[in-house]
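Report on one structure; see the data block that follows.
In this chain, numbering begins with 1 at the start of the sequence shown. Order of appearance sets the numbers: ligands from 1, and atoms from 1 within every ligand.
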Amino acid sequence: MSTVPLFKDDWTPQTWRARPAAQQPDWPDADAVDAVLTELRGQPPLVFAGEARSLSDQLAAAAEGKAFLLVAGDCAESFDAFSADGIRDKLKVILQMSVVLTYGSGVPTVKVGRMAGQFSKPRSSPTETRDGLELPSFRGDTVNDFAFDAVARRPDPQRLLRAYHQSASTLNLARAFTKGGFADLARVHAWNQEFVASSREGQRYEALANEIERALRFMQACGIDLQDELQLHQVDFWVAHEALLLGYEEALTRQDSLTGDWYDCSAHMLWIGERTRQLDGAHVEFLSGVKNPIGVKLGPDVSPADVVALCERLNPKRQEGRLVLFTRMGADKIADALPPVIRAVTAARHPVVWASDPMHANTFSHASGYKTRRFDDIMRELEGFFAVCHAAGVAPGGVHIELTGENVTECLGGSDEVLGEHLEERYETMCDPRLNGRQSIDLAFHVAELLRR
Ligand code: PEP
Ligand code: CO
């Protein structure tokens, strides 16, 4: 017996419920979950359909090499680490990176924060055992608490409401910052100059920073008032997260009154993770029916045929700007694993944005016990990604980075040389290790060099 709808026209925000949904929490009280989802259905949307359409337009440009996508933010947002300063510092780094990338690529940077909704985490094991005690794994602040005790680890659906409200506050502040003068080009450039002046690799970057300086002066000389030009003060800033908890996503899915189309109004863009991209699974079913731009993570073992099938399923009409493929294959594997995937997708004439997540397949456990990543491996995967894209004749369309604005010591290397013995000093992530502010800007300068080659 199959209740699975065969035709796309049968899609509703609920059809995913007839499919196997990986990585969902074991909520102890189903009625409590239903009550929360009913409440969420009555809450205002966090984003509007028209915004998601604007992002699609910008992504269509990225697919053709006429824009470059930067997705960046925490691995997992946290209830405890929620502060205006934290949001500001993250935005600051993202804006700094995007000025460097824009200059390097010569095309606009499409800025997407992994924030205002990036709370839920897929886990490799449903339980975690410490000293003989087995408890449910931490699945993100939307589900349970990070602390390792039985009460804290019990899934609590009230957390979905808290995540919704924190997302609303985060998005509100991000909108205020990016439209209210904080994103001023001259100011962001000044921050980058400070970085160059205090960076060990400063000289290498100085040339690029000086060119940006000259470009700004040139604009001024041409009569463009840098203080007055709205384009230079305001930027578009979008948010995205992994669409993992489908009940939450369903509750925030609304029909657009202009077009009649369905949009998941929890974020501008949603992505499907490496662990939930099963063709017949609930996540692909749910996201196939919403019109937002969709990302899919692709690990090193994905088959080219599966990628084409995913493209067919998620974008049967081959709309530009609909689909971003985030390759996360590992520094050692990308050169072999990515070319056949690109060939298959190109042969099937699917317009996609090719983007690199150089973080998730380069994670390892350091001898000190900390989960970490090497800056050099991250750069090696990016270099491999650019080389493969160039050889295949497709545009390297973007990058997807886990970072924070804080001065954490979670990833090794970078121009400030975080070493193994430094990891314990400021290891603050609840999930994956993030680049700190300086490592992130370092990375942007490196990628700018790759973009100019
Ligand atoms: C993530 O982006 O945090 C993540 C879990 O990625 P992936 O699905 O690629 O492993
Ligand atoms: Co992560």
Considering the heavy atoms of [X], write down every atom of ligand 1 situated less than 4.0 Å from one of them.
X: Arg114; value: 1 (C), 2 (O), 3 (O)
X: Cys75; value: 3 (O)
X: Gly273; value: 8 (O)
X: Glu402; value: 1 (C), 2 (O), 3 (O)
X: Arg328; value: 7 (P), 9 (O), 10 (O)

All salt bridge (Lys or Arg N to Asp or Glu O under 4.0 Å) counterparts of Asp145, not counting sequence neighbours: Arg159
For ligand 1, find out whether one of its N or O atoms is nearer than 3.5 Å to an N or O atom of [X].
X: Asp357; result: no
X: Glu242; result: no
X: Arg275; result: yes

Taking the six-membered ring for Trp, are [X] and [Y] ring centroids under 6.0 Å apart?
X: Phe375; Y: His446; answer: yes
X: Phe138; Y: Phe148; answer: no
X: Tyr248; Y: Trp27; answer: no

Between Lys179 and Asp236, does any side-chain N to carboxylate O distance fall below 4.0 Å? yes
Check ion pair Arg175-Glu51 (N to O, under 4.0 angstrom): yes
Under 3.5 Å, is there a donor-acceptor pair between the His350 and Asn315 side chains? no
Give the residue and atom name of whichever protein heavy atom lies nearest to [atom], and the separation in Å to one decimal.
atom: atom 7 (P) of ligand 1; answer: Lys297 NZ, 3.5 Å
atom: atom 8 (O) of ligand 1; answer: Glu274 N, 2.9 Å
atom: atom 1 (C) of ligand 1; answer: His360 NE2, 2.9 Å

Looking at Arg153 and Pro136, would you say the former's side chain and the latter's main chain have a donor-acceptor pair under 3.5 Å? yes
Between Arg374 (side chain) and Gly413 (backbone), is there a donor-acceptor pair under 3.5 Å? no
Going by the rule side chain to side chain contact (heavy atoms under 4.5 Å, CB included), which residues pair with Ala81 if we only count those two or more places apart in sequence or in a different chain? Ser78
Heteroatom N/O/S of His360 within less than 2.8 Å of the Co ion (ligand 2): yes
Looking at Asp432, the N, O or S atom sitting nearest the Co ion (ligand 2) is OD2
Specify which N/O/S atom of Glu402 comes nearest to the Co ion (ligand 2), by atom name. OE2
With heavy atoms only and a cut-off of under 4.0 Å, state how Met359 meets ligand 1: side chain, backbone, both or neither. neither
